[in-house]
Amino acid sequence: MKKYFIQSSPFVVPTTDGKLIEEHHGKASTNNAEISIAHMIAPPKWSEPFQTPEFEEYTYIIKGKKQFIIEDEVIVLEAGQSIKIEKNTRVQYSNPFDEACEYIAICKPAFDFTKVHREE
């Protein structure tokens with residue numbers, strides 16, 4: 001039995017907002033509930049509702065900029081920067097800029113739609 005797994009066919013999460021989400025490891029792609037690793041591209045002017053996830057989320061920016069509203073603080077990260085957001089923290093992710101933002105997101109435990117708690 002091999003002690004490794006090379007992911008070359010990530011699960012592409014269906015979206016309606018133009019955002020690309022390719023989950024390489026996680027619940028949807030490899031049935032791993034411990035961690036999820038996803039490559040994402042948020043188009044210009046993209047945003048999603050506030051949420052209060054039951055998991056930690058780490059984000060590393062590859063290209064462009066991404067805005068975070070954490071509690072009441074606005075933070076903008078640029079390429080080469082990363083952030084860790086603790087679980088049970090109210091946050092909104094967006095790209096209000098004119099250029100797409102490419103980034104890696106890691107959730108621990110893995111991203112779970114039933115535990116993200118998005119506001120509508």
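Since the model is a prediction, treat every value here as computed from it, not as a measurement. Basis for what follows: all heavy atoms, side chains included, without hydrogens, waters or symmetry-related copies.
Rounded to the nearest 0.5 angstrom, D112 CG and H117 NE2 are separated by 8.5 Å. The distance from atom NZ of K84 to atom OG1 of T89, rounded to the nearest 0.5 Å, is 10.0 Å. With values rounded to the nearest 0.5 angstrom, I37 atom CD1 is found 9.0 Å from H24 atom NE2.
In this model, no donor atom of one side chain and acceptor atom of the other lie less than 3.5 Å apart for H39 and E23. With 3.5 Å as the limit, one finds a donor-acceptor pair spanning the side chains of E57 and Y93.
The backbone N or O of H25 lies less than 3.5 Å from no partner atom in the side chain of S36, so there is not a single donor-acceptor pair.
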May I have the list of side-chain donor-acceptor pairs in residues 41-52 shorter than 3.5 Å, sequence neighbours left out?
{"unit_1": "K45", "atom_1": "NZ", "unit_2": "P96", "atom_2": "O", "d": "3.0"}
{"unit_1": "K45", "atom_1": "NZ", "unit_2": "D98", "atom_2": "OD1", "d": "2.9"}
{"unit_1": "W46", "atom_1": "NE1", "unit_2": "D17", "atom_2": "OD2", "d": "2.8"}
{"unit_1": "Q51", "atom_1": "OE1", "unit_2": "R118", "atom_2": "NE", "d": "3.0"}

May I have the list of side-chain donor-acceptor pairs in residues 68-82 shorter than 3.5 Å, sequence neighbours left out?
{"unit_1": "E71", "atom_1": "OE2", "unit_2": "R90", "atom_2": "N", "d": "3.3"}
{"unit_1": "Q81", "atom_1": "OE1", "unit_2": "E78", "atom_2": "N", "d": "2.8"}

Ignoring hydrogens and angles, write down the donor-acceptor pairs under 3.5 Å from the side chains of residues 58-65, residues two or more places apart or on other chains.
{"unit_1": "Y58", "atom_1": "OH", "unit_2": "E56", "atom_2": "OE1", "d": "3.1"}

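Residues I83 and M40 are members of one and the same hydrophobic cluster, defined by side-chain heavy-atom contacts under 4.5 angstrom among Ile, Leu, Val, Met, Phe, Trp and Tyr. Cluster membership check: F11 does not share its hydrophobic cluster with I35, using side-chain heavy-atom separations under 4.5 Å among Ile, Leu, Val, Met, Phe, Trp and Tyr. In the hydrophobic clustering of this structure, I21 groups with I85; members are Ile, Leu, Val, Met, Phe, Trp, Tyr whose side-chain heavy atoms approach within less than 4.5 Å, directly or through other members. Note on F55 and I106: separate hydrophobic clusters, where clusters join Ile, Leu, Val, Met, Phe, Trp and Tyr whose side-chain heavy atoms are under 4.5 Å apart, directly or indirectly.
More than 12 non-hydrogen atoms from other residues, nucleotides or ligands lie less than 6.0 angstrom from NZ of K19. Counting heavy-atom neighbours within 6.0 Å of F113 CZ, excluding the residue itself, gives a total of 12 or less.
At a threshold of 4.5 Å between non-hydrogen side-chain atoms, the residues S29 and Q7 count as touching.
In this structure, K66 is positioned above the aromatic face of Y103, its NZ or CZ under 6.0 Å from the six-membered ring centre and within 45° of the axis.
Between A33 and P109, the shortest heavy-atom contact is O-CB, 3.4 Å.
Applying the salt bridge (charged side-chain N to carboxylate O under 4.0 Å, His left out) criterion to E54, with sequence neighbours excluded, gives no partner residue. Residues passing the side chain to side chain donor-acceptor pair (under 3.5 Å) test with N32: none are found, sequence neighbours excluded. Taking the salt bridge (charged side-chain N to carboxylate O under 4.0 Å, His left out) definition, one finds that K2 meets it with nothing, sequence neighbours left out.
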